Amino acid sequence: MRSFLMTLTAASILVADHAIAQADPDSLHLRNNCRLATEIIARGHPAPHEQWAYRIAPQCGSNAGRIIANKLIESRTSTDTAELRLLTAPAAQLHDASIFAASLEVAADKSASSVARPFAFRNLIWLISYGADLGNFDPWRSSGLGCSGAVHDRPKYAGSPLPSDFRDQVRTLAYRVAHDRSEHPAVRKSALCTIAYGGWERRNEW
Amino acid sequence: MEFTADRRFWERFQIFEDSIRGCTGKRVCEYRPLRSGRMYLKATLTDGDGAAALPAVFAGEVVRKDAQAPKLVVRCSPSATVTRGDSITCNANVEPQALQDSLRISEWSFDGQRRMDGDTAAYSWAGPMVDSGTVRVRGILLGKGVEDSVRIAVNPRTWPKVQAASPPHDSLAGDGKLDLPAAPVTDTAAAFGYTVGSMADSHIMRDSTNLPYARRFGQVKTGPNAGWWFLTSPVNRPYWLVHHVHAFETSDPWFKKQHGGQPGQPGWLPYCPQYEISLLKRRALHHEGLLSSPISPTDLFQPLYTHYTYFRDWLSTHDLNKLFEKQIWNPNDNPWGFNSFAEKLELVWVQEVQDPETAANHTLVDGSYAVPIVCRAR
């Protein structure tokens, strides 16, 4: 019989501390799942299993991080919101240097699409804010900025280590884009959201 | 003094009376006026042949050298100190008042921004004030450039402290954006203690169309703050939203599948009997804040805080009305390039309310009062 853990959560229930979680690296089952998931993500098929693969991916650490990062770079001109939403979803839980570097690159790239860049910013927000949910992230149509939303106890998994100054890099990019009026409105909105989630603007300075 | 025949100063005859005794008929007359003002002369002009025209009235400005020079004074009523949203009327006056119609207004401004609303040359400027600043008026008086300014102080409104909406909303009555699956998302590979899915969660309200400040702001149409945006009424009570899966229900197929027993693998927790699932349900919903009653008198798990009660207490020390009352936005002074006031308010919400509350709430409630898990699901 298939067995699984009792998982009570998102808002909190299992984990007493909020350290980054790590899946059991010795789990044969996990290794098999991760091998399959990373192949599916890399190849983009079979399509029916993609949702499953991206859900497993955060537990697969740096291997998944590299593949997702490559896909993100490849998709920098994509305007397919469904594809980009799926591709970037693991970054909510997987904190990985490859994903960080790719997200920073796409978010900064003016030749990338105005759909891919906000999703890249969303990846960066997840790295700097504990509680950002961003499930309803929509800087394209919202009358506001389309980035409010919080959640408790989202599990986090470690990939390859982030650079020690990753917050400074995010901050520098966010301020540059936010102040550039030539940027696409959705990209600027995403940069503004990043600044807010970073808590970087002094009170009453907005 | 010289008299001018400028028709603008011609007066109707009936208000003209000979008030300076001893000058009638004289071409030159010595007179010491009591104060500055306008002097009128009725005279008949003749041409070189002695032909007389009808009497005409001439006027000229008299300024006593020992008196204060005429000046422009701007005053605002009811006071230069107002409460945000209250209207103010600023008037440009000439002292002495007798010279008022000698003044030509060239510019009104507020903190350097020129007046754009209404008659820009009017003697007054009126409208609601939302931000402190300096009203300045410039004009031409007796051929000379004059200006004056007044500092307007805007005080905040006193709005009642916002309390958390009670009780917390559950997933069916909340923002309508369910974010949990009908049954738990589980993974057979995950080690105990780490989560790969969810059975319950909670968070501060996050429907951007219904955040506490939504539909509670407006734009000033006239006066020194014309064009500015501000909140016109206190914010709504924020609510706490709890989601939980249907799998907790005894009729749910997932629930029916659970029964106790030993998994067989060394070190693994026993499977959950159904009574344990029911206990976990109560603990979980209490942890989120949906159940306010004690879990059970005999349950050793009795947390001091739930996510909801922490949120409620957080609000008692973070006055949302005080925070949002002072939020204003001037589209003409817009360094962040906002497209709307709603964009600015959302940033304030995220940075000042949502994110800090979420982080602090998690640190305490999940750090100190996490629900103990003593079994595993099938």
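Below, chains carry the letters A, B, ... as their sequence lines are ordered, and counting in each starts from 1. Just the heavy atoms: all of them, side chains too, but no hydrogens, waters or symmetry mates, feed the values below. If you're wondering where the values come from, they're calculated on a predicted model, not measured in any experiment.
The environment of K110(A) atom NZ is dense: over 12 non-hydrogen atoms of other residues, nucleotides or ligands sit within 6.0 angstrom. Counted within 6.0 Å of OH on Y305(B), heavy atoms from surrounding residues, nucleotides or ligands total 12 or fewer; the atom is thus considered open. Within a 6.0 Å radius of CD in Q51(A), no more than 12 heavy atoms belonging to other residues, nucleotides or ligands are found.
For a residue to count as touching a neighbouring chain, one of its non-hydrogen atoms must lie under 4.5 Å from one of that chain's; by this rule L211(B) touches chain A with the side chain only. Of the atoms belonging to W336(B), heavy atoms from both backbone and side chain fall under 4.5 Å from chain A. Using a 4.5 Å cut-off between heavy atoms, P356(B) makes no contact with chain A at all.
The line from CG of L345(B) to OG of S148(A) is 11.5 Å long, rounded to the nearest 0.5 Å. Distance check: L192(A) CG to L347(B) CG gives 5.5 Å after rounding to the nearest 0.5 Å. Atom CZ of R188(A) is separated from atom CD of E343(B) by 8.0 Å, given to the nearest 0.5 angstrom. Here L134(A) contributes atom CG and R206(B) contributes atom CZ; the two are 9.5 Å apart, rounded to the nearest 0.5 Å.
Between chain B and the options S143(A), C34(A), G144(A), P58(A), the largest number of non-hydrogen pairs under 4.5 Å is found for G144(A). Interface summary for chain B: among A132(A), G146(A), G135(A), C193(A), the most heavy-atom pairs under 4.5 angstrom belong to G146(A). The greatest number of non-hydrogen atom pairs below 4.5 Å with chain A, out of V348(B), N361(B), V365(B), is found for N361(B).
The shortest non-hydrogen separation linking H362(B) to Y130(A) is ND1-OH, 3.0 Å. Heavy atoms only, all atoms of each residue included: G131(A) and T358(B) are closest at CA-CG2, 3.7 Å. When all heavy atoms of I204(B) and A150(A) are compared, the closest pair comes out as CG2-CB, 4.3 Å. The two atoms that bring K189(A) and N339(B) nearest to each other are CE-ND2, 4.4 Å, heavy atoms only.
Annotation: residues 173-182 of chain A contacts chain B through Y175(A), A178(A), H179(A), R181(A) [non-hydrogen atoms, separation under 4.5 Å].
Between the E346(B) side chain and the L145(A) main chain, a donor and an acceptor come within less than 3.5 Å of each other.
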